[in-house]
Every structure is written in C-alpha cells, then in structure tokens.
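Here the structure is a predicted model, which means the values were calculated and not measured.
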2 protein chains.
Amino acid sequence: MTKNDSMFRVDRVAAPLRVSVTESIRNAIAIGRFKPGDHLPERELCEMTGVSRTLVREAMRQLESEGLVTVEPHRGPFVTKISRQQAEGIYEVRQELESLACRLFVANASDEQRKTLKAALSSLRAACRKQDPQGRLAAKNHFYDCLVEGANNEALGNCIYMMNSRITLLRATSLKAPGRIKESIKELDILVDALLARDADKAAELARIHIGNAAAAAIPLIEEEAD
Amino acid sequence: MTKNDSMFRVDRVAAPLRVSVTESIRNAIAIGRFKPGDHLPERELCEMTGVSRTLVREAMRQLESEGLVTVEPHRGPFVTKISRQQAEGIYEVRQELESLACRLFVANASDEQRKTLKAALSSLRAACRKQDPQGRLAAKNHFYDCLVEGANNEALGNCIYMMNSRITLLRATSLKAPGRIKESIKELDILVDALLARDADKAAELARIHIGNAAAAAIPLIEEEAD
DNA sequence: TACATTCACTCGTAATACAATCTTAGTGCA
DNA sequence: TGCACTAAGATTGTATTACGAGTGAATGTA
C-alpha cells in the first residue's frame with residue numbers, strides 16, 4: 001500500500017456498539033416514542049435494543065449528562081421533564097449561543113461552508129413542506145451542524161447541541177407548532193442572507209429575534225402538571 | 001414522626017457509588033494527578049478507586065460527555081488534550097455565558113444569594129492567598145456555583161460548569177498563572193460590586209473583560225506538540 | 001380508614017468470561 | 001544492521017450471572 005492510499009482508509013473500527021445504542025435511545029426520545037416522564041426500565045431498553053444491561057447502562061450515563069434522561073436512585077431512568085421555567089432558561093442560553101455562532105460563522109466560515117449552509121437551509125425548507133416530523137428534525141439538526149461547523153468552535157457546538165437536544169423534549173417546538181413553521185423558515189432566510197453577506201451584527205441580532213420568537217411560540221404550549 | 005419532621009429528612013439514599021467514583025476521577029484530573037494526554041487504563045482506575053470495571057466504565061462515559069476524557073476505540077480513555085484553538089473557543093463561549101449569568105443574577109438573585117456571592121468572593125480571596133491549588137480550585141468553583149445559582153437558570157449552569165471543567169485541563173489557568181491571580185481577584189471585586197449594585201450592563205461587560213483577560217493570560221502558555 | 005407486613009420487581013454493583021483488537025517483543029530474512 | 005512479519009500478551013468491548021438493597025404495590029390487620 002502506498003502512502004497515498006491512506007486517504008482511502010476508513011475509520012479504523014466500526015463505531016462501538018454502545019454508540020449505536022445511545023443513538024437509538026436518543027432517537028426514540030427525540031421522535032416521541034418515549035415521552036417526558038416516561039419510565040425507561042433497563043429490561044425494556046435491553047429488549048428494544050437487543051444488547052446487554054451493561055451497554056444500556058452506559059448509554060444511560062451518556063443520555064443523563066446530555067440531560068435527556070434523569071436517573072432516580074433505585075427507580076431507574078425517566079425521560080426528563082422540562083418545566084416552563086427551565087425551557088425559558090434554555091432559550092435564553094440559546095440566544096447567546098446562537099448569536100455567537102452567527103458572529104463566528106461570519107468570521108470563520110469558508111466559502112464552501114457558506115454554500116453548504118445555504119443548501120442545508122433549502123433542505124430544511126423542503127423538509128418543512130412535508131408531513132414528516134422526523135425528517136424535519138433531521139433537516140433542522142443538519143442546518144445547525146452546518147452553522148456550527150462554519151463557526152469553527154467545538155465547545156460552542158457542544159453547548160448548542162445540548163440545548164437543542166433538550167428543546168427536543170418539549171412537545172411543542174417551533175417546528176411542531178403549526179403556524180410557526182413558515183415564519184420560522186422566513187426568519188432563517190433573512191438570517192442566512194445576513195450571514196452570507198457577512199453582516200455579523202445583523203445576523204447575531206436576527207438569531208436573537210429568531211430564538212425569541214421560537215420561545216414565544218413554544219413556551220405557552222408547555223403543560224405542567226400540578227405536583 | 002410528625003409531618004414537620006420531614007424538613008429534617010436527608011436525601012433518600014446516599015449518592016450511588018458511581019457518583020463518588022466519577023467525582024474521584026474528575027478530581028484526579030483537576031488537580032493534575034492525571035495530565036492531558038495520559039492514558040487511563042481501566043485496571044489502573046479500578047485499583048485506584050477500588051471499584052469494579054462496571055463502575056469505572058460508567059464513570060468514563062460521564063467524563064467523556066463532559067469532555068474531560070476522550071475514548072479511543074480499543075485503546076481506552078485518555079485525558080483530553082486541549083489545543084490552543086479549542087481553548088480560544090471555550091473562552092469565547094464563556095464570555096457569552098458568564099455575561100449572561102451576570103445579567104440574570106442581577107435580575108433574579110435573592111438578597112440571600114447576593115450575600116452568599118459576596119461571601120464566596122471573600123473565601124476565594126482568602127484561598128488565593130494560600131499556596132493550595134486544590135483549595136483555590138474549590139473556592140473558584142464555589143464562587144461560580146453561587147453566581148449560577150443566583151442567575152437561576154439550570155441550562156446556563158450546566159454549560160458554564162462544562163466550560164469550567166474543560167478549562168481546568170489547561171496547565172495554566174488564570175488562577176495558576178502567577179501574576180494573574182491578584183488582577184483576577186481585583187476584576188471579580190468590581191464585577192461583584194456591579195452585581196450587587198444591580199447594574200446588569202456593567203456587570204456583563206466586566207465579565208466579558210474578565211474572561212478576556214483570563215484568556216489572554218492562559219492561552220499563550222498553552223504548549224502544543226507537533227504531531 | 002389507617003397502618004404494618006410481605007412480596008415481587010428493579011436497580012446498584014461485582015465478578016467472570018470471551019472475542020476483537022491493539023501493542024510489543026521477538027523472530028527471521030535480506 | 002535494518003526491516004518486515006509473526007506470535008504472544010495486554011486491554012478493551014460486550015455479555016452473562018449473581019446478589020444485596022430499595023421501591024411500590026398488594027395484602028393483611030387493627
């Protein structure tokens with residue numbers, strides 16, 4: 001094998017099984033197969049995923065630190081419930097994080113990344129025309145991935161990823177609230193315009209507004225139980 | 001037992017062993033017992049902590065999602081190395097996060113929490129006069145805990161916690177760089193003054209400056225290996 | 001009804017086993 | 001000597017089994 005062949009090398013090993021397991025459970029939560037407050041007994045997860053308790057438990061640890069599940073000692077994992085107040089907090093953080101992401105995107109993104117972002121927005125727009133919640137979620141996540149990658153800040157990406165994950169736990173996110181979708185896309189349209197025009201201040205401000213609107217749409221729909 | 005006795009109830013159960021294990025390893029990293037790039041074989045961790053592989057592995061999953069360790073398939077966990085670029089990214093995020101925390105503290109903190117913050121700063125000042133890195137770290141963390149608690153935003157607290165953890169991985173943080181300590185405290189002094197005076201804008205700006213200075217002190221000291 | 005007891009179930013943790021893979025020490029060859 | 005290759009040893013990845021401890025629900029009793 002010549003040295004140049006190394007560029008064809010695939011990842012040394014397929015990802016460990018535990019990664020797939022975690023993804024699988026995470027996805028089950030994201031698409032609503034498990035709802036906030038649901039109990040997730042280990043046995044059930046083992047059966048669902050077909051792996052041993054060992055792996056299920058390791059997956060739980062990860063999802064726990066992502067804030068998707070909450071483990072109560074001797075009672076097991078539950079899908080995290082998000083209170084209205086917590087949701088407000090998350091949106092507040094997202095405002096800061098995403099406006100920073102916009103500023104950094106303007107500063108750091110390559111032309112390639114700009115193009116990709118634009119394409120991702122188109123995909124998102126297309127996905128939102130269909131009645132496929134999972135597809136929408138995927139498209140939205142991909143859009144954020146592009147934004148974050150262009151911003152070129154790993155830590156920021158992590159934080160945004162976490163906040164987005166948690167927002168997924170709300171029954172009503174901006175992409176689910178019916179009337180909100182078209183508005184949301186429109187906002188992203190001008191946001192991306194600002195990004196591509198390299199207008200960092202405007203983009204950051206638009207991101208703030210966008211998140212603010214998303215919050216205003218989603219938060220009133222949160223239903224809390226009396227306890 | 002009367003109903004009123006319930007206020008004396010301690011947490012239902014002692015924290016699960018795995019929590020202590022995770023803390024122990026996290027602490028070992030924080031105080032430099034394990035350094036970035038170090039390999040952490042499971043056996044060694046088992047011996048160190050005295051628990052089974054099961055628990056060590058669960059702890060690894062958690063530390064992994066906190067970004068403190070990086071697991072390479074079939075090679076095991078390593079203490080994460082932070083590049084200069086990553087460090088810059090983290091400080092950028094901290095600027096946003098902590099200035100938000102200041103604004104929220106002004107808006108939400110109770111008088112009690114204001115008092116506690118002030119006390120925490122005094123403790124920090126005291127700790128910095130001693131030659132006890134672990135004590136300093138603890139005092140600094142406590143100060144942040146107070147700030148975050150007063151800000152009353154869980155998600156924000158999580159993010160700040162994570163960013164602080166990762167910063168710990170740098171050999172040279174603002175609290176380790178010799179000349180920097182006094183300045184740092186001075187900055188926090190006026191920052192806390194602004195917080196207690198309920199001047200949100202000023203506090204947020206001071207936080208930005210403080211983190212910026214910390215970054216300027218720490219980042220040049222990062223040594224990267226050619227690879 | 002209120003309280004105590006019991007019981008089945010799940011979690012928390014440990015220990016063991018084995019396959020897959022990495023590392024390293026050799027081994028043989030040019 | 002230097003290099004490719006092999007084999008042995010160590011470590012990780014995953015599954016399985018086991019058992020004490022805690023929880024919640026059913027049961028029994030006053």
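At distances below 3.5 Å, not a single donor-acceptor pair connects side-chain atoms of A:Arg53 with backbone N or O atoms of A:Glu42. With hydrogens and angles disregarded, no donor-acceptor distance shorter than 3.5 Å links the side chain of B:Arg61 to the backbone of A:Ala59. Between the A:Glu47 side chain and the A:Glu44 main chain, no donor and acceptor come within less than 3.5 Å of each other.
Comparing D:dA15, C:dG12, C:dC11 against the side chain of A:His39 picks out C:dC11 as the nearest. Ranking C:dT13, C:dG12, D:dA15 by closeness to the A:Val71 side chain, first place goes to C:dG12. With distances taken from any side-chain atom of A:Val51 to the nucleotides D:dG13, D:dG22, D:dA15, the minimum falls on D:dA15. Taking every side-chain heavy atom of B:Arg57 into account, D:dT14 is the closest of C:dA15, D:dT14, C:dC11.
Here C:dC11 presents its C1' atom at 12 Å from CG of B:Leu55, a figure rounded to the nearest Å. Residue A:Leu45 contributes atom CG, which lies 14 Å from atom P of D:dA15 at whole-angstrom precision. When rounded to the nearest whole Å, the span between CG of A:Leu40 and P of C:dT10 equals 13 Å. Following rounding to the nearest Å, A:Glu72 (CD) and D:dT23 (P) show an atom-to-atom distance of 10 Å. The CD atom of A:Glu58 sits 8 Å away from the P atom of D:dT14 (whole-angstrom rounding). Between A:Arg43 atom CZ and C:dG12 atom P the separation is 16 Å, expressed in whole Å. Taking atom NE2 on A:His74 and atom P on D:dG22, their separation rounds to 5 Å, with Å as the unit. Between the CG atom of A:Leu17 and the P atom of D:dT12 there is a distance of 18 Å, given to the nearest Å.
Looking at heavy atoms from C-beta onward, A:Leu124 lies in side-chain contact with A:Lys140 at the 4.5 angstrom threshold. Residues B:Gln134 and B:Asn27 have side chains in contact (heavy-atom distance under 4.5 Å, counting atoms from C-beta outward).
Regarding contacts with the backbone of C:dA15, every side-chain N or O of B:Arg53 stays at 4.0 angstrom or more from both OP1 and OP2.
No donor-acceptor contact under 3.5 Å links the side chain of B:Arg75 to the base of D:dG13.
Looking at heavy-atom distances under 4.0 Å, A:Arg18 makes contact with sugar-phosphate atoms alone, never a base.
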